[in-house]
2 protein chains.
Amino acid sequence: MVVKKRVTLKDVATVAGVSKMTASRALRGASDVSKSNVDKVRQAAKDIGYIGNHLALSLSSQRSNLIGVIVPSVANIVFAEVLAGIAEAIENSGMQPVFGVTDYDATKEYDAVRNMLSWNPAGLIVTGLDQPEDTRRLLLNADIPIVQIMDTDGDPVDVCVGFSHVRAGEAMAEALLATGRKRFGYVGCGLVQDTRANKRLGGFKRALAKRKLGVIGIETSEEHSTLAAGRRLTAQVLKKIPELDCIYYSNDDLAAGGAFHCISEGIAVPEQLMLAGFNGLDLVKSLPVRIATSLTSRRDIGIEAVNVILRRQREGSDTKNRCFDHPPHIDLGL
Amino acid sequence: MVVKKRVTLKDVATVAGVSKMTASRALRGASDVSKSNVDKVRQAAKDIGYIGNHLALSLSSQRSNLIGVIVPSVANIVFAEVLAGIAEAIENSGMQPVFGVTDYDATKEYDAVRNMLSWNPAGLIVTGLDQPEDTRRLLLNADIPIVQIMDTDGDPVDVCVGFSHVRAGEAMAEALLATGRKRFGYVGCGLVQDTRANKRLGGFKRALAKRKLGVIGIETSEEHSTLAAGRRLTAQVLKKIPELDCIYYSNDDLAAGGAFHCISEGIAVPEQLMLAGFNGLDLVKSLPVRIATSLTSRRDIGIEAVNVILRRQREGSDTKNRCFDHPPHIDLGL
DNA sequence: GTTGGTATCGATACCGGTATCGGTATCGAC
DNA sequence: GTCGATACCGATACCGGTATCGATACCAAC
């Protein structure tokens, strides 16, 4: 046996005793092909283990079944769940997701978008609305549906699916104020680039300001959000400002870390100190103490993003410049 | 302005006043092209916003820069971290990962592998060693590096990167036995298909059997592993067999759920009841009680898997049929 | 027998790049 | 002035499919 070469459509055609074209037709729609030839081709394809070549298919037909997805991180469960939603919605659509990771780095994001576009995807899903100018231009020039997810505070290139982080921050502040809390702290691992967490903090502060209140203790760090960081930063902020009666975290991981700190230190949560995270992770729901959080519908956002693209494919551009809002739902955990 | 058409290499060449071929050369290696032409072409490409077309590139050059990755789930943080490792290792290699999700379903896995192969990837990373016959044949016939990850208990198609789950289960049993525990329970959300968890349980039981011991309480469920499920199943198993002094869980999520149950019920962990999970998640390290776990190096496994493929690309098939072992490290949390 | 419609098939031209090879220009050496 | 080597460039043939259009066969209708 010689070198194992890839089985091509031509091989199938030869075995089946028909032309390449007939084999091609037989393997897909199968209109305009006699029943007997369809069978022959199908059988031949199976016999010699024909797989097909999407590269050639997409190049030739000028459309691909790829949907590009660009997220800042996959290790973050929040984006992992968005991806899960995307994978779920894409199922059975004949499409295939391709993921790119930016690591919260604008340069990598630009590269990822560019790279993605070079695959002629049917659509592109990118995270956030605040791409730098050059990346935005790339997206604008791409002649495919672009869905920006997880944020609606801004001007979408095409369509956005998510919610307003500003409003989410405001809403949480209002809910916490309604419980009578007055001395607020903030703990965040907001990489400076985490514009969405910053938007939430902005909304949070604004809502407090309306009641002539403010964030009186703040502790942040450049590292990634982890439970351990949450634990440590909570200890720090409480050491500086022990009289806090409520801490808002940039996300649930940090808040849960804070909860662990409180459990260890015997601080009564939420009686003595109320904790509020963001995302509504499974983790928070199962915690031995009750903390507040904003439940975001990551999965739904992923699903909707895909659906926007699929609809666009079928029906043409109906929903240009629209925003799909999936506002978070506050759970005070009380 | 008419219909916006995709900018092709030919357009670049025209603008730069050279042939397609020269433009092609100028934009990549740039050997055999005069400096002045390289500049002209580069400038032209930038001016008209040339992006390139990977489909054509890969089809024409008969090699792609894709690395296919097939995992059962992305919502599971363990695989998310593997993906993160993969993304990290792939960075700057010029390669691009494409992910497929199987949802622990063999049929979907077959489809995913097939689909992936049709993109002519440079390599394929799949999860586990226990693919059904037809999928395995697909992998065997593919003339690219195939890396099976997360498991080494079996016969790899090509290369495997992971660890023995049987030994991992044994090791945990031995470590727990060494602390003097005698009445073992097991809690698992082993979908029947979760062969790896079953391998661990098998190893665990075998090690106990050597000491004439066994698992005297077992509680499983078909659902996905969640903290809530861990909490519930722990309550159930303890209700039936209250005298357990140690529970082995199929993973950390369940074990952490068990920990939450114990905290709520005032059960002293680990004094009264020892809990042992699997994976060594961040979650476990930050828990307010100490539980045992096996630290698996997900990220490293992802990185190594990619490196196997990258090495193969450069050096040819040196490591045919090899196994890369990344054994977990037991942390009793004491 | 001729005509027209339908079903079926194949030849050919692409899609947008790269590999390959041959052709020209330039230059130093003899 | 001729020659060979080197640098540079473009024509052409692919890669593996699909779109398109024309060819052929067959059958019913006139």
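Note that this is a predicted model, so its numbers are computed, not measured. A, B, ... follow the sequence lines: proteins, then strands. Residue 1 opens every chain.
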Task: Any N/O donor-acceptor pair, Ser19(A) side-chain to dG10(C) base, under 3.5 Å - done: no
Task: Nearest-nucleotide pick for Val18(B), side chain only, options being dG10(D), dT18(C), dG17(D) - done: dG10(D)
Task: Ile90(A) side, atom CD1; Ile309(A) side, atom CD1 - distance, nearest 0.5 Å - done: 7.5 Å
- [ ] Whole angstrom is fine here: how far is it from CG in Leu27(A) over to C1' in dT18(D)?
- [x] 13 Å
Task: Value in whole Å for how far the P atom of dC15(D) lies from CG of Leu57(A) - done: 17 Å
Task: Nucleic acid contacts of residues 32-56 of chain A, taken as heavy-atom distances under 4.0 Å to DNA chain C - done: Asp32(A), Val33(A), Ser34(A), Asn37(A)
Task: Pair Ser118(B)-Arg114(B), side-chain donor/acceptor within less than 3.5 Å - done: no
Open item on the list: Does Arg28(A) reach a base, just sugar-phosphate, or nothing at all? Heavy atoms under 4.0 Å.
Closed with: sugar-phosphate
TODO: Determine whether any donor atom in the side chain of Lys20(B) lies under 3.5 Å from an acceptor atom in the base of dG17(C), or the reverse, and answer yes or no.
DONE: yes
Task: Short side-chain donor-acceptor distance under 3.5 Å, Arg25(A) and Asn37(A) - done: no
TODO: Respond yes when some side-chain nitrogen or oxygen of Arg63(A) is under 4.0 Å from OP1 or OP2 of dA19(D), and no when none is.
DONE: yes
Open item on the list: Could you measure the distance from the OG atom of Ser64(B) to the CG atom of Asn120(B)? Nearest 0.5 Å is fine.
Closed with: 6.0 Å
- [ ] Find the distance Asn120(B):CG to dT18(C):C1' and express it as a whole number of Å.
- [x] 15 Å
- [ ] Rounded off to whole Å, could you give me the CE-to-P distance for the Met21(A) and dG22(D) pair?
- [x] 16 Å
TODO: Can you label the angle between the Phe79(A) ring and the Tyr104(A) ring as parallel, tilted or perpendicular, going by 30° and 60°?
DONE: perpendicular
Open item on the list: I want to check one thing: is the phosphate of dG16(C), taken as OP1 and OP2, less than 4.0 Å away from some side-chain N or O of Gln62(A)?
Closed with: yes
Task: First of Thr8(A) and Ala23(B) reached from the 5' end of DNA chain D, by closest nucleotide - done: Ala23(B)
Open item on the list: I want to verify a distance call: between dT18(D), dT18(C), dG10(C), whose nearest atom is closest to the Ser24(A) side chain?
Closed with: dT18(D)
- [ ] Calculate the interatomic distance between Leu9(B) atom CG and dC14(C) atom P; express it in whole Å.
- [x] 18 Å
Task: Non-neighbouring partners of Asp39(B) that pass side-chain hydrogen bond (donor to acceptor under 3.5 Å, both in side chains), sequence neighbours left out - done: Lys35(B)
Open item on the list: Quick check for you: to the nearest 0.5 Å, what is the distance between Phe99(B) atom CZ and Ile70(B) atom CD1?
Closed with: 11.5 Å
TODO: Could you please name the option among dT20(D), dC15(C), dG10(D) that lies closest to any side-chain atom of Ser60(A)?
DONE: dC15(C)
Open item on the list: In whole Å, I'd like the distance from the CG atom of Leu59(A) to the P atom of dC14(D).
Closed with: 17 Å
